[in-house]
Amino acid sequence: MAGVLVVPAIPSGAAGGGAGSGGAGISRADYWQDLAPQLGRYQRFTVSSQSPSSERSRVVILDELVDAERAPDDFGSGYLYVMDGDQRGVQRRVLSQGDEAPIGALVLSRSFVAALAPGTTVAYTDPCPVVDYGGMKGLVTFCVEALKRLRVDVRIAMMGDGTRRVSLNAWPWITSIDWTDGVYDTRGITASNPLRRSSREYDVTVNGADVTLELSLTYGPDVEYELKAFAPADQVLSDGATWGYSVGGLVSDTTRAAAPVRHVTTLAMDKALEWLIDRTLDDDSLTEAKRARVAQRYSRQLPTWQAAAQYVLLHNQPQRVAELPRQIVSTRQRGARSWPY
Amino acid sequence: MVLNLGQCYQIVGHALNDLQQFSAAAGTPNSVSISELANSDPDAGPHLHDGTWVYNYHTTYQSRVQPGGYGASTGQLSIVPVWTPPTSGDPIILTHYFPVRGQVLVTDTDYYWICNEAARWLWFEHELMLASIAGQRSYSLATYGRWLTQRDQLLSDAQGGPLLDPPVVPGYPPRDGAWRRPRLDFIGGSPTLWLSTPYDLSGLAFSVRVRCPVVEFINGADRDGGLVTDADIIQTTHAEFETVGLWIAYRTLSMGVGPEAAAFGAMAKDQEARARRLVHFFAREAPAPAVPSQVAAAQPAAAISALQQLQAAS
């Protein structure tokens, strides 16, 4: 029997109060723009003009960057990401000596397909690009890696068909009952009421590649019910209008996910710092002193973010509602003082 | 700094203690009178200036003092062959080792040749202006194939970089374009500039920075044939030209016979060492391979000791 994925139940604080069903979620741009200033430099600029005497598509002139003294390598080796306009989402790297500060021009290691129009918004990031660039991992990649480690609640809408066995193959992340958290229905109440957690037992069985929801009771034709499940946060995505299960990832800045932005930033920082330390230590282009200084700076931050990431994973993930007291006490909690439910 | 040929041979001649410059008081087709040469010393006999080269810097005529041709009382020099008489005030140059130029008695090495030879061993930083062609990675430099013959003539980053990109905005300094990874190749002997990253637009003026032999760039232009007249200008400095010019002069003098030639040979060797230390000395040949004794001297003592132990064991 087919089912559809309905909106995720977003944990509080994800996208403002009440951003539950029908909520907008958090866009990819929101995620990486929260991560970027934590990790390094992040500034947004507006293109002011085009170069009249050089390669127009290789040079980006930003009046806000004019500075008579700044060194040619200050903005060098950083990344420019186009935020709007015809080339939205395109990214380039600044030449290592490409900061022409006296005229506020950045010279790029690769030209745009056309000169950026005046008024275009660009984001400058350093040390990581927004999306992967050459051998450099991008902010988005770190956000996706963080999302992979996080879970979100989802409700899978089902329609009864008179059987007790429902295939869950359409949701391949459900590999055991641990990825589910109850069946919700209106049995015993008026159908127009909100669905309630069913007290009836169910199970999830696995037979090779087949995963099946085993119900203890049947639902008749056209009777709606829902399976509450936990989904990897990187696979419950919205294109801005419709939520769905997708393995495509955060493909554009408008793609949205449901995990709280601060949780994602925390886990992403953990991953990014680890990666940057390794990369810095292997970077032969740096002097010995600079390599040590940069690696030390990242290393100093790492323990704080590691601890925060552990906290998020232990305490801020959706948890299964406890099983019925009768079952748990009889099997595991015999002799326990009292069960809170 | 620039020097003309007249300055060049005077620099070398003075350094060689060979050149004196005077003003002509009067002259005939076969003599010139120089008041500074008038001498009442009884030892100043008629043969004092035998064989001295006489050059009129103004008219560029040249001749030579004939044997016994010195009139000490008047400072008159009798010369052969005849020349167009100098006028009063014409600068007259006297030299002993070499004539200024080979116009007369061409079998002798002259200062012109020494200066041209010295200019071949010096280089200056030269910018070859090219116009970009969108997307094109190779540019023929065949025009400069006469002297652009080695890959290392492209200036290194330490020398200021091999390529200058056009300025970002008009009036702004050109940018260092070394990031385009310029490289010189010689396809069929013809120099070609390769850019790993081409220009996006056509018609942009960019320049390739190369080491150009001083002798190939005369009067501000790429020119074959070297220094021809006293007014021809080259790009070099007094100190560097003197160092190399003196080496060439000593080397030439050492090719004679007798003890004097041997002494000049030693001086030439010494002067060559000085010349090779110059920043703008154009080393045309690869460094000589180290001789075994030098290699051994460069080894750390521990390595030599280990080697000796191995030899002893075998």
Side-chain angles (χ1 to χ4, degrees), chain A residues 45 47-80 87 90 92-118 122 133-134 284-285 287, chain B residues 125-141 152 154-184 192-211 300:
Chain A
F45 301 103
V47 175
S48 48
S49 60
Q50 296 178 346
S51 170
S53 61
S54 185
E55 294 170 288
R56 281 185 288 280
S57 52
R58 189 183 293 284
V59 177
V60 179
I61 298 180
L62 310 161
D63 274 350
E64 300 153 90
L65 275 183
V66 172
D67 185 301
E69 194 182 21
R70 199 174 61 238
D73 62 351
D74 192 62
F75 276 72
S77 299
Y79 300 88
L80 273 192
Q87 298 185 69
V90 178
R92 294 290 185 261
R93 188 174 69 80
V94 181
L95 284 175
S96 59
Q97 298 288 315
D99 182 1
E100 293 290 352
I103 52 172
L106 297 179
V107 185
L108 308 174
S109 67
R110 180 184 172 186
S111 301
F112 287 109
V113 292
L116 293 183
V122 293
Y133 192 95
D284 291 333
S285 69
T287 62
Chain B
E125 293 177 7
H126 188 25
E127 292 182 7
L128 310 177
M129 298 299 294
L130 300 174
S132 69
I133 298 170
Q136 183 167 302
R137 286 191 163 85
S138 67
Y139 292 84
S140 171
L141 298 178
D152 66 357
L154 208 55
L155 291 186
S156 67
D157 288 340
Q159 292 166 326
L163 193 73
L164 287 178
D165 276 354
V168 173
V169 293
Y172 198 68
R175 292 198 79 256
D176 179 5
W179 60 273
R180 294 184 193 272
R181 296 185 199 170
R183 195 185 72 196
L184 263 186
T192 302
L193 173 74
W194 286 93
L195 300 177
S196 295
T197 304
Y199 290 92
D200 294 338
L201 299 176
S202 294
L204 298 175
F206 68 99
S207 48
V208 187
R209 305 184 69 237
V210 294
R211 294 191 301 156

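Labels below follow one simple rule: chain letters A, B, ... track the order of the sequence lines, proteins then strands, and each chain is numbered from 1.
Counted by atom type alone, B:Tyr172 and A:Glu100 present one or more donor-acceptor pairs between their side chains at under 3.5 Å.
With chain A as the partner, the residue from B:Leu204, B:Val168, B:Thr197 showing the most heavy-atom pairs under 4.5 Å is B:Val168.
With a threshold of 4.5 angstrom between heavy atoms, A:Pro102 approaches chain B through its backbone and through its side chain. Residue B:Ser132: no heavy atom, backbone or side chain, is found under 4.5 Å from chain A. With a 4.5 Å cut-off on non-hydrogen atoms, A:Arg56 touches chain B through its backbone and its side chain both.
Looking only at side-chain heavy atoms (C-beta outward), B:Val169 and A:Ile61 come within less than 4.5 Å of each other.
The shortest heavy-atom contact between B:Pro167 and A:Ser54 is O-CB, 3.4 Å.
In this structure, B:Arg180 pairs ionically with A:Glu55, as a charged nitrogen and a carboxylate oxygen lie closer than 4.0 Å.
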